[in-house]
Amino acid sequence: MQENEFRTEGEIENVTETEGVTENTYEYLVGRERIVSTDGVELWAEEFGSPGDPAVLLIMGAQAQGVQWNDGLVRRLVDGGRRVVRYDHRDTGRSSTVDYAARPYTVADLASDALAVLDAFGVDRAHLVGASLGGIIAQRIAVTAPERVLTLTSLSSQPLGTDTAAAVLRAMEGTPPSPDELPPPAPELLAALASAFPGPDTGPEEYLALRLPLWRVLHGPVRPFVEEEYRAMERRVYERARDLLAGLNHTLAGAAGGDSTADLASVTAPTLVLHGTEDPMFPPPHAEATAAAIPGARLVMVEGMGHTLPPALDTRLADEILRHTA
């Protein structure tokens, strides 16, 4: 197989709609897979493209698997001359699950995991692209290991050092944010989150029924919501997960860090802040604060985008990343 060719795997079975049955077959990209051992855990990872091309490390958000970076986005980055690496965080997908009570971890540990993935693929320096919590992880690496970072892209994220868990808790209690705090998640998102997590014996259809209302809110009200795309994604997540609830440990990890937004003043990597105008998790002031905290950062707002990465935006996001990493 040539380095720029793709293999595909698997199919999603026919999906039943309320008004009938729509048949969809989804073929997934399969890269050069690797299991990365680090800090007592094993991380699933895969790469695409030519090893001689500049590397882009895609870092997903809390509770999210690496394959939730759309295959279409990966294809476009590889076609643009990038070597692309994506991976499952600890406690997601095919990576190890952790007994958090016995072995707690922080964002610093998740950042170390990302660097271990780069090491495993022999990458000294990479373009970092992080979504949501992944943006926080990428920012931390840019602060603590600047020699490993070619560029930084913070996507649908917020500034390093923001206490999201506390903000969510106060919002759920009805306590308004203080004047110096960034705005909390939208009330409709908090309501959707309260009923979006499966039990230990949840079957696939029940799981989808729990998750789709959350994705509808995260997607935002402006762009068309293509339910079949989210069904396919969540079915893949369900089939790959060792433990669907383990990813909730990421919330604890995010609350346990000791980083400060002021640390971002030391970032020297060229930085792009990409954010949706309709993000219900981190409203636009989070993006503005991130860009303001990083010297020379460029802020690009994507009209109508929420806190998801729908395939309809693959080309736009890939173009922004390719331009920034050129």
Just by distance, do the side chain of [X] and the backbone of [Y] share a donor-acceptor pair under 3.5 Å?
X: Q65; Y: V237; result: yes
X: D99; Y: A101; result: yes
X: T92; Y: D88; result: no
X: R76; Y: G72; result: yes
X: T97; Y: D91; result: no
X: T261; Y: L160; result: yes
X: D279; Y: F282; result: yes
X: H324; Y: L152; result: yes

Is it the case that the side chains of [Y] and [X] hold a donor-acceptor pair, with the cut-off being a distance below 3.5 Å and no angle test?
X: S50; Y: R83; answer: no
X: H275; Y: S156; answer: no
X: R298; Y: T271; answer: no
X: T290; Y: Q158; answer: no

Nearest non-hydrogen partners of [X] and [Y], listed with the distance:
X: V123; Y: A126; value: CG1-CB, 4.0 Å
X: A142; Y: V149; value: CA-CG2, 3.9 Å
X: G81; Y: P54; value: O-CD, 3.5 Å
X: P184; Y: P283; value: O-CG, 3.7 Å
X: P295; Y: A265; value: CG-O, 3.4 Å
X: L299; Y: A287; value: CD1-CB, 3.8 Å

Verify side chain to side chain donor-acceptor pair (under 3.5 Å) between Q139 and S154, making sure each step is shown before the conclusion. CA-CA 7 Å; Q139 291 170 38; S154 183; 3.1 Å; yes

Let me check something: do [X] and [Y] share a hydrophobic cluster, defined by ILVMFWY side-chain heavy atoms less than 4.5 Å apart, either directly or through other members?
X: I137; Y: V267; value: yes
X: I136; Y: V117; value: yes
X: V98; Y: L248; value: no
X: V67; Y: Y238; value: no
X: Y100; Y: L133; value: yes

Any side-chain heavy atom of [X] sitting closer than 4.5 Å to one from [Y]?
X: P198; Y: L245; answer: yes
X: T38; Y: L43; answer: yes
X: I59; Y: V129; answer: no
X: L244; Y: T202; answer: no
X: R211; Y: R231; answer: no
X: H286; Y: S157; answer: no
X: W215; Y: E229; answer: no
X: R32; Y: P51; answer: yes

So does [X] pair up with [Y], basic N to acidic O under 4.0 Å?
X: R316; Y: E320; answer: yes
X: E205; Y: R235; answer: yes
X: R170; Y: E173; answer: no
X: R34; Y: E42; answer: no
X: E278; Y: R223; answer: no
X: R148; Y: D124; answer: no

Task: Intermediate values then yes/no, side-chain contact (heavy atoms from CB on, under 4.5 Å), T325 and L150 - done: CA-CA 8 Å; T325 59; L150 291 170; over 6 Å; no

Practice problem: Take R82 and L322 through the test side-chain contact (heavy atoms from CB on, under 4.5 Å) and record every step on the way to the result. | Solution: CA-CA 8 Å; R82 304 296 184 270; L322 289 170; 3.6 Å; yes

Please determine whether side-chain contact (heavy atoms from CB on, under 4.5 Å) holds for the pair R86 and E46, giving the CA-CA distance in whole Å, both sets of side-chain angles, and the decisive distance to 0.1 Å. CA-CA 6 Å; R86 62 183 179 183; E46 65 177 348; 2.7 Å; yes

So how far is it from [X] [atom1] to [Y] [atom2], rounded to the nearest 0.5 Å?
X: E47; Y: L118; atom1: CD; atom2: CG; result: 11.0 Å
X: Y207; Y: D201; atom1: OH; atom2: CG; result: 15.0 Å
X: L155; Y: H307; atom1: CG; atom2: NE2; result: 8.5 Å
X: L77; Y: D53; atom1: CG; atom2: CG; result: 11.5 Å
X: T308; Y: Q68; atom1: OG1; atom2: CD; result: 11.0 Å
X: L317; Y: N70; atom1: CG; atom2: CG; result: 8.5 Å

Check the orientation of H89 and Y87. Use parallel for under 30°, tilted for 30 to 60°, and perpendicular for over 60°.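 Ring orientation of H89 relative to Y87: perpendicular.
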
Quick one: is the NZ or CZ of [X] closer than 6.0 Å to the six-membered ring centre of [Y], and within 45° of its axis?
X: R90; Y: Y105; answer: yes
X: R236; Y: Y28; answer: yes
X: R240; Y: W44; answer: yes

Margin query: Looking only at the aromatic ring of each residue, does the gap between the centers of Y230 and H219 stay below 6.0 angstrom?
Written below: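 Under 6.0 Å, so yes.
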
- Message: Run the salt bridge (charged side-chain N to carboxylate O under 4.0 Å, His left out) test on R103 and D39 for me, step by step, so that the C-alpha distance in whole Å, both residues' side-chain angles and the decisive distance to 0.1 Å come before the verdict.
- Response: CA-CA 11 Å; R103 291 193 59 207; D39 192 30; 3.6 Å; yes

Within a 6.0 Å radius of atom CD on E303, are there more than 12 heavy atoms belonging to other residues, nucleotides or ligands?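 It does not: E303 CD has 12 such atoms or fewer within range.
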
(message) As a quick check of understanding, evaluate side-chain contact (heavy atoms from CB on, under 4.5 Å) for T151 and L128, giving each step before the final call.
(response) CA-CA 6 Å; T151 66; L128 304 185; over 6 Å; no

